[in-house]
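Worksheet: the structure to be examined is printed underneath.
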Amino acid sequence: MDEVRATSAWVAARSSHVTIDHSGIEKVVETVKTSIPKVEWDFEGIHYFDDGPLTVQYLFVLDTLNFCFWPDKDLNYDDLASGLKEALQNDKSVFDADRLQKYTGPELRKLLKWPRPLPLEDERVRLLREVGLELEKNFEGKASNLVDSCGKSAEKLVTLVTRHFPGFRDHSVYKGHQVFLYKRAQIFAADLWGAFKGKGYGEFNDIGEITIFADYIVPAVLRQLGVLKYSPALAATIEANVEIGSGSEEEVELRACSVCAVEKMRELIQKKSGKQVLSVELDIWLWSVGVQCPSLQHHRTLSIYY
Ligand SMILES: Nc1nc2c(c(CN[C@H]3C=C[C@H](O)[C@@H]3O)cn2[C@@H]2O[C@H](COP(=O)(O)O)[C@@H](O)[C@H]2O)c(=O)[nH]1
């Protein structure tokens, strides 16, 4: 995660379409009075939880598919989380490694009770296959074995996930420099930590190392809070709902500046209050604000990473 922090800061220092407004960060920190609103993981009550290995399998499948909902205006993350939960409640073997390798697009749709093709459906099916195959090959089919092998280190888990599952390698090249954002790999560690309340499969001694998860909601919230500023051209593109290319300078700047801005916010809260705040806690607060604001306009990029 040091790489995520360092390469995001590298982008933010050279960014032209997106800038971080330090006075905006100060205002936010002032407003929250150094204690950020506590938002419970699963505040929506939509996730599967049984306190055991099946929950780990569920969360891994969930985060394999946790990207790009916006092309269907009625689809959102909640539909995925609750759809997979119901599927698992009806059939405990639904996420077995051999079955993950066999789903077709229409079958996945049916599993989620979604009446139309899913956005990037072929990619979703390809990623499920990749996950099933690699789990079977190296982890006896169980995501819980993957988690067990990381010795309570979120950093090790992110490394293992990105090493074994290419679909989680959320990298870009910005001005000739490689940038690592690892949104889905990091959110998997955070989801374990949140679901298991920092115990058992969710115990990580280094949870503070994780950054926020650079998606399409958090940048929009940061902009609304005055923490991020967009160039007039980028603002007009987003307002007009024009797609932004995956890997474009604009897209990398939106995501990297979000990571960097929240790291600065975290440091400032710590400095002012002496209290340690986790980026994961800041993320869930910012994300929950964003998803509860239907008028929020976010950038649109077709991407399997977020
Ligand atoms: N930064 C960040 N991004 C997150 C999440 C989550 C869900 N986390 C769960 C874990 C505990 C909580 O209780 C949540 O239920 C999804 N996303 C991203 O949002 C986008 C979906 O938006 P919309 O189309 O409006 O549903 C999409 O890019 C998706 O990948 C998060 O926590 N942080």
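Whatever order the structure lists them in is the order used to number ligands and atoms, beginning at 1. Excluded from the calculations below are hydrogen atoms, water molecules and symmetry mates; all remaining heavy atoms, backbone and side chain alike, are included. What you see is a predicted model; the values in this text were computed from it and never measured.
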Nearest non-hydrogen contact with [atom] belongs to which option: [options]?
atom                    : options                      : value
atom 12 (C) of ligand 1 : Asp79, Leu65, Ile284, Leu286 : Ile284
atom 23 (P) of ligand 1 : Leu62, Val280, Asn66, Asn76  : Asn76
atom 19 (O) of ligand 1 : Phe69, Trp287, Tyr77, Phe213 : Trp287

For Asp191 and ligand 1, does the shortest N/O to N/O distance drop below 3.5 Å?
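No; every N/O pair is 3.5 Å or more apart.
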Flag Lys183 as yes when one of its N or O atoms lies below 3.5 Å from any N or O atom of ligand 1, and as no otherwise.
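Yes, Lys183 has an N/O under 3.5 Å of an N/O on ligand 1.
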Suppose we measure from [atom] to each protein heavy atom; which comes out shortest, and what is that distance?
atom                    : answer
atom 21 (C) of ligand 1 : Tyr216 OH, 3.4 Å
atom 10 (C) of ligand 1 : Trp41 NE1, 3.1 Å
atom 33 (N) of ligand 1 : Asp283 OD2, 2.7 Å
atom 18 (C) of ligand 1 : Asp215 OD2, 3.3 Å
atom 15 (O) of ligand 1 : Glu44 OE2, 2.5 Å

Sequence neighbours left out, what passes side-chain hydrogen bond (donor to acceptor under 3.5 Å, both in side chains) with Lys38? Give chain and number order.
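With neighbours one apart ignored, the set is Glu281.
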Sub-4.0 Å atoms of ligand 1 with respect to non-hydrogen atoms of [X]:
X      : result
Ile217 : 19 (O), 20 (C), 22 (O), 25 (O)
Tyr306 : 28 (O)
Phe43  : 13 (O)
Val218 : 1 (N)

With a 4.5 Å cut-off on side-chain heavy atoms, are [Y] and [X] touching?
X      : Y      : result
Val56  : Phe196 : yes
Pro166 : Thr162 : no
Ile210 : Ser279 : no
Trp287 : Tyr77  : yes
Leu118 : Asp72  : no

Could you check whether any heavy atom of His47 sits closer than 4.0 Å to an atom of ligand 1, since that is the contact criterion I want to use?
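The answer is yes: ligand 1 sits under 4.0 Å from a heavy atom of His47.
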For ligand 1, is Ile187 a contact, meaning one of its heavy atoms is under 4.0 Å away?
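Right, Ile187 reaches ligand 1.
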Looking only at heavy atoms, what is the nearest atom pair of Val94 and Leu88, with distance?
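Taking Val94 first and Leu88 second, the nearest heavy atoms are CG1-CA, 3.8 Å.
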Pair listing, salt bridge (charged side-chain N to carboxylate O under 4.0 Å, His left out) test, anchored in residues 138-166, at least two apart
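Sorted pair list: Lys152-Glu203.
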Between Phe69 and Arg124, is there a cation-pi geometry (under 6.0 Å to ring centre, at most 45° from the normal)?
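Yes, a cation-pi geometry holds between Arg124 and Phe69.
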Between Tyr58 (side chain) and Ala81 (backbone), is there a donor-acceptor pair under 3.5 Å?
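Yes, because the side chain of Tyr58 sits within donor-acceptor range (under 3.5 Å) of the backbone of Ala81.
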